[in-house]
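Notes for the one structure printed next.
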Amino acid sequence: GQQVMQIPQYQHVQEGEDFTTYCNSSTTLSNIQWYKQRPGGHPVFLIQLVKSGEVKKQKRLTFQFGEAKKNSSLHITATQTTDVGTYFCAGPWGNKLVFGAGTILRVKS
Amino acid sequence: DTGVSQDPRHKITKRGQNVTFRCDPISEHNRLYWYRQTLGQGPEFLTYFQNEAQLEKSRLLSDRFSAERPKGSFSTLEIQRTEQGDSAMYLCASSPTMTTPSSVEQYFGPGTRLTVT
């Protein structure tokens with residue numbers, strides 16, 4: 001079946017530093033979604049990418065979908081303490097989403 | 001509050017007991033999903049409903065697990081003869097009707113944390 005891998009598993013940054021998490025799929029994806037889960041919370045949808053090479057921005061967050069539609073990245077510029085949480089990518093597989101294991105982001109103030 | 005709600009939020013049970021969880025999706029959403037999440041992992045798909053029809057079940061869903069959505073609104077997930085390995089967060093999510101189920105964002109509820117002792 002489809003597998004979605006994320007790296008790194010964990011990153012601890014100083015407030016103001018940048019952060020990037022990478023997502024790789026074993027198969028070509030029709031789309032990829034990103035979710036954020038705050039500590040003790042539930043996953044919250046951030047964005048969906050559909051087109052090959054697509055880049056979308058949300059304030060300090062930049063999302064990219066690879067040309068081959070098998071990988072994606074999320075980059076946060078100048079992290080803030082409010083960015084703390086786990087970031088998941090998810091790819092479609094039939095009727096369901098297959099989630100990566102997530103990247104835990106911790107921000108030191 | 002018009003988000004997805006789940007009840008109970010926490011459940012502690014002894015091994016061998018049966019438990020039932022409830023999920024109330026966003027009212028206009030006809031798609032409903034159940035996931036299981038363990039520490040350090042992403043949500044794992046368990047099952048999917050479109051209205052009252054259960055259209056897909058994961059191989060993770062053993063015979064001890066059953067889910068229903070009798071009127072196409074709320075859903076229940078029952079675990080019979082619980083085992084310690086069932087301890088996890090059980091998440092419910094809903095989504096509106098779009099082209100394909102996996103092409104639209106999902107709205108997650110707060111989850112039910114199950115601890116089996």
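Scope of the values below: all heavy atoms of this structure, side chains included, with no hydrogens, waters or symmetry mates.
The greatest number of non-hydrogen atom pairs below 4.5 Å with chain A, out of B/S58, B/G40, B/G109, is found for B/G109. No other option in A/P43, A/G41, A/A101 has as many heavy-atom pairs under 4.5 Å with chain B as A/P43.
There is no contact between B/Y107 and chain A, counting heavy-atom distances below 4.5 Å. Residue A/Q6 does not touch chain B at all, counting heavy-atom pairs closer than 4.5 Å. Of the two parts of A/Y10, neither the backbone nor the side chain holds a non-hydrogen atom closer than 4.5 Å to a non-hydrogen atom of chain B. Within the 4.5 angstrom heavy-atom criterion, only side-chain atoms of B/Q37, from C-beta onward, approach chain A.
A donor and an acceptor atom, one from each side chain of A/E17 and A/T79, are nowhere located under 3.5 Å apart.
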Could you go step by step and tell me if A/F63 and A/Q58 meet the side-chain contact (heavy atoms from CB on, under 4.5 Å) rule?
-> CA-CA 8 Å; A/F63 303 84; A/Q58 290 179 349; 3.9 Å; yes
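Annotation: the span from A/N71 atom CG to A/Y22 atom OH amounts to 10.5 Å, rounded to 0.5 Å. Taking CD of B/E56 as the reference point, atom CD of B/Q54 lies at 10.0 Å (rounded to 0.5 Å).
Using bins of under 30°, 30° to 60° and over 60° for the plane-to-plane angle, the ring pair A/F88/A/F99 lands in the perpendicular bin.
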